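Structure record follows, encoded as structure tokens.
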Amino acid sequence: MTVDAAELDLLAETLRKTMATHTGSALDTALRELGWAEMLTEMTDETVPVVFRLLGETGAHAPLVNDVVLHASGLPTGTTVPLPYAGGTWVLWDRADGAKTSAGSEALDGELPLQRVADGNPVPLAEGRRALGWWLAGTGRAMLSLARSHAVDRVQFGRPLASFQAVRHRLAETLVAIEGAEATLRAAEDDLGCLLAKAAAGQAALTAARHCQQVLGGIGFTAEHDLHRHVRRAYVLDGLLGSASELTREAGALLLRQGSAPRLTQL
Amino acid sequence: MNVAEFRAGLTAWLDENDLRPGPEHSLDAHVEQLSRVRRALYEAGWMRYGWPASVGGLGGPAVLRAVLGEEVATRGLAEPGIYSMIEVLTPTMISYARPELAAEMVPLLLGGREQWCQGFSEPGSGSDLASLSTRAEQRGDEWVVTGQKVWTSLAQYASRCVLLTRTAPGHAGITAFFVDMDSPGITVRPLRTMHGVDEFAEVFFDEVVVPGERMLGRPGDGWQLAMDLLPHERSACFWHRVAHLYTRLDRLLEETSARDEDAVGAAYLALHTVRCRSHATQRRLAEGARLGPETSVDKVLLATAEQRLFDTARDLLPGVVELDDTPWRTEFLYSRAATIYGGTAEIQRNIIARRLLDLGKE
């Protein structure tokens, strides 16, 4: 089954509206009603990027990475599976909200029902990494959008922050990182491509977090501004299925082993 | 001819026809090798694909030129920076020269008979190119040019120059000419560079007479001509450069005994990222998109990747840049210029901030 650009735009519009009003298990249910299972099984290359990017842009969340990994494993979706996390650890992303274990092990992003588990079985990683990469890119865009609005609206020394070159260059650097990551995500086909794309996207989200937090100054450090939600999400998602620094190291190890650099994208 | 046919035919031909350079590393040798490669590829037809018949080309999509340049860079046949100059000079001639002039001149460039240069920057006009002050005054059918250009690549080898001059105030007062470098009144003085390859020069114009028919476009078109270059520079040229940088990463992997997975991975990730971005840009161009300020993203990614790669090489081949006279030293030093030439990193970020992020004026 194929889907054309106009249909994808329509889908994105619907998803964006749904994500504006639903999150967590409610969004999980709403997406199932919108045909998430079919999107995943029948047009995964077209729809998964849109769904995950919009999770990032809207700040909503849903336990969909389970489904991406389950589908890639050839298993039925709609349940959970232990997922590798940074440092050789494992986590479970619950489908119910607020599944928290004992105090102290709650995720940095308290909205996510994510908890440590003792271990898990190896799972396919490429598809989940690509999906999470899109989520991270979307989160980066959300932070950039907040910082951009602030820079344009906020006046100091009698002029908008956006008129100061130091501020402009931080935001420019953020856009470069995000657009670079998106290029790797669009090109990601095989295991190495997905690994690199997740690394680029994690790095882009961390770059966005650093620069946007700085541009937002004091207000961005308060809980009443939305920025902190995206910053927390970026850190937590970066570690899931391998952090940017781990994946970069893994790519380096591969190159050193084989003695040459794979050219993944051809004209 | 499609990409797969072209690549297959080209690689088979290159396997049969050895165009690899000799051991000599001087700039003279590089330029001579460049002429040799262009001449051979032109005579065999490969250099003519992707260019229109009106300038001696054989047609086909522009992406064939990127494939050719990638193969040239990957095989190390010609120095990629000077090889890629055809990608900006030829489209300029096609778009702005009189058709007869373009038809006469372009085959000389593509066929390796001549080198050309671009007289853009001046001592007083680097990042602020539009402030250039080299004067052109009309005298009957002719124009008389007086002023100075600087950082003009290959000027000392060039037979012709695409020259930007001032004919009136402001952006709309910049006019371009196609000037013969042997015209009386032109003096070229090569500049010593930090990396030891004197590839650019100062060019002095003292009442140089240029026929009116050598104007590129009309009076005042010069700024648009300069802007129109960017998409060309940032499509095929960048693809060539990325291909070249992959060969240097491969060489680093061969030569290093350090097992620094983080550093190698980071250098590779940066290269992979610009390769993916450049690939997407090529595809947009092929689909007929008009490239614009978004190519500043490509430029920042490329310069960053290049410097990271050579920083990594310096780290993982300790002492090689500092103590041994090898190409690593020259290339490491040249990589320092990657954030300066073709629009500095700061100018690129200004463009991104203004045009892509819509942050308003500084």
Side-chain angles (χ1 to χ4, degrees), chain A residues 144-145 147-148 151-152 159-188 192-193 195-197 199-201 203-204 244-267, chain B residues 3 7 63-64 66-67 70 74 239 242-243 246-247 249-250 252-254 256 258-283 286 294 296-298 300-301 304-305 345-346 348-354 356-362:
Chain A
L144 179 56
S145 168
R148 186 200 164 273
V152 169
R159 44 194 264 221
L161 291 186
S163 70
F164 292 94
Q165 197 172 50
V167 170
R168 298 164 78 84
H169 283 194
R170 278 185 183 273
L171 298 182
E173 200 55 34
T174 302
L175 184 67
V176 168
I178 294 170
E179 297 222 334
E182 288 174 349
T184 66
L185 285 160
R186 286 196 190 93
L192 180 58
L195 178 151
L196 292 167
Q203 202 177 73
S245 63
E246 287 175 331
L247 298 176
T248 302
R249 190 180 314 135
E250 198 176 322
L254 174 78
L255 262 64
L256 285 163
R257 254 195 329 273
Q258 71 180 44
S260 67
R263 279 77 162 162
L264 291 190
T265 308
Q266 306 296 336
L267 285 176
Chain B
V3 167
R7 195 194 302 273
V63 70
L64 300 180
V67 174
E70 180 176 19
T74 301
W239 188 258
V242 170
Y246 269 81
T247 69
L249 179 54
D250 280 348
L252 172 61
L253 291 167
E254 277 166 32
T256 184
R259 312 304 292 173
D260 191 334
E261 297 167 353
D262 296 283
V264 167
Y268 179 52
L269 180 59
L271 271 187
H272 174 71
T273 301
V274 68
R275 186 179 173 94
C276 291
R277 173 76 181 190
S278 182
H279 186 268
T281 299
Q282 297 274 349
R283 194 157 43 194
E294 73 288 347
S296 286
V297 172
D298 305 45
V300 173
L301 289 171
T304 307
E346 287 68 31
Q348 304 312 323
R349 288 175 176 86
N350 289 348
I351 292 168
I352 292 167
R354 179 79 191 272
L356 303 183
L357 288 170
D358 197 18
L359 292 177
K361 285 191 181 176
E362 268 172 56

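Predicted model, so just to flag it, every value in this text is computed and none were measured. Proteins get letters first, then strands, A, B, ... in listed order; numbering begins at 1 in each.
- With a 4.5 angstrom heavy-atom cutoff, B:Ala280 does not touch chain A via any of its atoms.
- Neither the backbone nor the side chain of B:Ala305 comes within contact range of chain A; no heavy atoms are under 4.5 Å apart.
- Using a 4.5 Å cut-off between heavy atoms, B:Leu357 touches chain A through backbone and side chain atoms alike.
- Minimum heavy-atom separation, B:Thr273 to A:Ala200: OG1-CB, 4.3 Å.
- For the atom pair A:Arg249 CZ and B:Asp260 CG, the distance stands at 10.0 Å (nearest 0.5 Å).
- Interface residue B:Glu362: backbone and side-chain heavy atoms are both found under 4.5 Å from chain A.
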* To do: Go through the steps for B:Arg354 and A:Arg168 under the test side-chain contact (heavy atoms from CB on, under 4.5 Å), then give the verdict.
  => CA-CA 8 Å; B:Arg354 179 79 191 272; A:Arg168 298 164 78 84; 3.8 Å; yes

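- Contact of B:Thr247 with chain A is made through backbone and side chain together, with heavy-atom distances under 4.5 Å.
- Considering CD of B:Glu261 and CG of A:Leu255, their distance stands at 10.5 Å, rounded to 0.5 Å.
- Comparing A:Gly193, A:Gly252, A:Gly180 by heavy-atom pairs within less than 4.5 Å of chain B, the highest count is held by A:Gly252.
- Within the structure, every pair that satisfies the salt bridge (Lys or Arg N to Asp or Glu O under 4.0 Å) test and touches residues 175-185 of chain A, not counting sequence neighbours, is listed here: A:Arg141-A:Glu179, A:Arg141-A:Glu182, A:Glu179-B:Arg277.
- To the nearest 0.5 Å, atom CZ of residue B:Arg349 and atom CG of residue A:Leu175 are 11.5 Å apart.
- The line from CG of A:Leu247 to CG of B:Leu269 is 9.5 Å long, rounded to the nearest 0.5 Å.
- Interface remark: A:Val152 contributes side-chain atoms only to the contact with chain B (heavy atom separation under 4.5 Å).
- Counting heavy-atom pairs closer than 4.5 Å to chain A, the top-ranked of the candidates B:Leu359, B:Val3, B:Ile352 is B:Leu359.
- Neither the backbone nor the side chain of A:Arg170 comes within contact range of chain B; no heavy atoms are under 4.5 Å apart.
- Within the 4.5 angstrom heavy-atom criterion, only side-chain atoms of A:Leu192, from C-beta onward, approach chain B.
- The greatest number of non-hydrogen atom pairs below 4.5 Å with chain B, out of A:Glu173, A:His169, A:Arg186, A:Gln165, is found for A:His169.
- For chain A, no part of B:Glu294 is nearby; none of its heavy atoms comes within less than 4.5 Å.
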Do any side-chain atoms of residues 258-267 of chain A form donor-acceptor pairs under 3.5 angstrom with protein atoms, and if so which ones, sequence neighbours left out?
residue	atom	partner	partner atom	Å
A:Gln258	NE2	A:Ser260	O	3.4
A:Arg263	NH1	A:Ala261	O	2.8
A:Arg263	NH1	B:Asp250	OD1	3.4
A:Arg263	NH1	B:Asp250	OD2	2.7
A:Arg263	NH2	B:Asp250	OD2	3.1
A:Gln266	NE2	A:Arg263	O	2.8

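- Most heavy-atom pairs under 4.5 Å with chain B: of the set A:Ala162, A:Ala151, A:Pro160, A:Ala251, this distinction falls to A:Ala162.
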